[in-house]
Amino acid sequence: MSKLIYILNGPNLNLLGKREPEIYGSATLADVETSCAVLATEIGLRTRFLQSNAEHQLVDWIHEAREDASGIIINPAAFTHTSVAVLDALKMFDGPVIEVHISNVHQRESFRDHSYVSHRSDGVIVGLGIHGYELALRHMAKVA
Ligand code: DQA
């Protein structure tokens, strides 16, 4: 059975495509999900692609990932900059964790420079648009 990778998305990413398209582009989260699923099949992985606006839901999914996932790709969105709870949950996950940001957070407001999640992430992909998710998956194929 191929390895399962969780791809978790935080608040407001359900509106990807409509939300500040000059920053985040015109692709929707459904487009990202499809391209990840297609690539995963090609490279011998399975994906579980999830989004929530609620911090506790992301924490619960990270707990679930402890049982059945080989790796986590996470775009924690605004929780990147605020959530010790998401960080603590990720610290209990043993496999590789890759953090993805669609925009280049370091070119934006200074509060986006700090990521709680990066304290646990094995790698961070920033500013490459939705292509960042595919790059993260390709890396997972090597390390998960
Ligand atoms: C984001 C960057 C965050 O600062 C922001 O709060 C988001 C999206 C990104 O993908 O570029 O919601 O994680």
Side-chain angles (χ1 to χ4, degrees), residues 1-83 85-108 112-144:
M1 172 95 86
S2 51
K3 289 181 174 164
L4 177 64
I5 308 299
Y6 272 38
I7 306 179
L8 302 179
N9 294 279
N12 302 306
L13 288 169
N14 53 313
L15 291 182
L16 198 65
K18 294 193 179 115
R19 168 191 188 200
E20 298 178 275
E22 65 292 354
I23 296 176
Y24 296 111
S26 58
T28 66
L29 200 62
D31 295 333
V32 180
E33 178 171 11
T34 302
S35 67
C36 285
V38 169
L39 176 63
T41 308
E42 235 175 82
I43 61 180
L45 296 172
R46 285 177 302 133
T47 51
R48 184 166 182 223
F49 194 96
L50 299 162
Q51 187 276 332
S52 180
N53 294 325
E55 188 176 26
H56 71 88
Q57 179 63 82
L58 291 165
V59 168
D60 286 347
W61 283 332
I62 295 166
H63 293 175
E64 274 177 42
R66 283 163 50 81
E67 307 302 320
D68 60 4
S70 300
I72 296 177
I73 295 169
I74 183 165
N75 182 347
F79 294 145
T80 307
H81 318 296
T82 61
S83 182
V86 171
L87 169 63
D88 285 349
L90 287 169
K91 281 185 168 174
M92 291 185 285
F93 180 76
D94 288 334
V97 174
I98 304 176
E99 181 181 343
V100 171
H101 298 287
I102 296 165
S103 67
N104 182 352
V105 285
H106 304 297
Q107 264 178 358
R108 300 179 63 192
R112 294 185 205 273
D113 276 328
H114 179 257
S115 165
Y116 282 99
V117 172
S118 288
H119 287 267
R120 165 62 181 89
S121 302
D122 297 295
V124 184
I125 299 173
V126 171
L128 301 184
I130 60 167
H131 189 46
Y133 288 85
E134 290 188 18
L135 294 172
L137 255 185
R138 286 189 187 279
H139 186 71
M140 282 297 179
K142 292 194 191 303
V143 299

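Just so you know, these numbers use all the heavy atoms, side chains as well, and skip hydrogens, waters and symmetry mates.
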- What pairs meet the salt bridge (charged side-chain N to carboxylate O under 4.0 Å, His left out) rule with one or both residues in residues 113-125, with sequence neighbours excluded? R120-D122
- Output every pair passing salt bridge (charged side-chain N to carboxylate O under 4.0 Å, His left out) with a member in residues 16-31, not counting sequence neighbours, ordered by first then second residue. none
- Message: Looking at every heavy atom in both P96 and M140, which two are closest together, and how far apart are they?
- Response: O-CE, 3.4 Å
- Task: Taking all non-hydrogen atoms of both residues into account, name the closest pair between P11 and Q51 and its distance.
- Result: CA-NE2, 4.1 Å
- Query: Between CG of L87 and CE of M92, what distance do you get to the nearest 0.5 Å?
  - Reply: 10.0 Å
- Message: Let me confirm one number: the CD1-CG distance from I72 to L4, rounded to the nearest 0.5 Å.
- Response: 10.0 Å
- Query: With sequence neighbours excluded, what pairs up with R48 under the salt bridge (Lys or Arg N to Asp or Glu O under 4.0 Å) test?
  - Reply: E64
- Is a side-chain N or O of S121 found less than 3.5 angstrom from the main chain of V124, in a donor-acceptor match? no
- Tell me, do L29 and E33 make a side-chain contact under 4.5 Å, heavy atoms counted? no
- Message: Using 0.5 Å steps for rounding, measure from the OG atom of S115 to the CZ atom of F79.
- Response: 13.5 Å
- Side chain to side chain, P76 and H101, heavy atoms closer than 4.5 Å: yes
- Query: Is the shortest heavy-atom distance from the side chain of M1 to the side chain of R46 under 4.5 Å?
  - Reply: yes
- Message: Please determine whether the number of non-hydrogen atoms from other residues, nucleotides or ligands lying under 6.0 Å from atom NE2 of H81 exceeds 12.
- Response: yes
- Task: Tell me, yes or no, whether the heavy-atom count around D68 atom CG, taken from other residues, nucleotides or ligands under 6.0 Å, exceeds 12.
- Result: yes
- Message: So which atom in G44 and which in S2 form the shortest heavy-atom distance, rounded to 0.1 Å?
- Response: O-CB, 3.2 Å
- Do the ring planes of Y133 and F49 sit parallel (below 30°), tilted (30 to 60°) or perpendicular (above 60°)? tilted
- To the nearest 0.5 Å, what is the distance between NE2 (H139) and CD1 (I73)? 9.5 Å
- Message: Using modelled atom types and a 3.5 Å cut-off, is there a donor and acceptor pairing between side-chain atoms of N53 and backbone atoms of N12?
- Response: yes
- Between T80 and E99, a side-chain donor and acceptor under 3.5 Å: no
- Applying side chain to side chain donor-acceptor pair (under 3.5 Å) to D88 and not counting sequence neighbours gives none
- Kindly indicate, with the supporting measurements, whether the criterion side-chain contact (heavy atoms from CB on, under 4.5 Å) is fulfilled by N9 and L16. CA-CA 11 Å; N9 294 279; L16 198 65; over 6 Å; no
- Closest non-hydrogen atom pair between C36 and T47, with its separation: O-CG2, 4.4 Å
- Message: I need the S70 OG to D94 CG distance, nearest 0.5 Å.
- Response: 11.5 Å
- Query: Which atom names give the shortest non-hydrogen contact between V59 and A89, and what distance separates them?
  - Reply: CG1-CB, 4.1 Å
- By ring pair (Phe, Tyr, Trp, His ring centres under 6.0 Å), Y116 pairs with (sequence neighbours left out) H114
- Message: Looking at every non-hydrogen atom in both residues, tell me the closest pair between I62 and I74 and how far apart they are.
- Response: CD1-CD1, 4.3 Å
- At what distance, to the nearest 0.5 angstrom, does CZ of R138 lie from CG of L39? 4.5 Å
- Passing candidate, side chain to side chain contact (heavy atoms under 4.5 Å, CB included) with I102, options V32, I23, N75: N75
- Message: Taking side chain to side chain donor-acceptor pair (under 3.5 Å) as the definition, give me every residue that meets it alongside E55, ordered by chain and number, with sequence neighbours left out.
- Response: S83
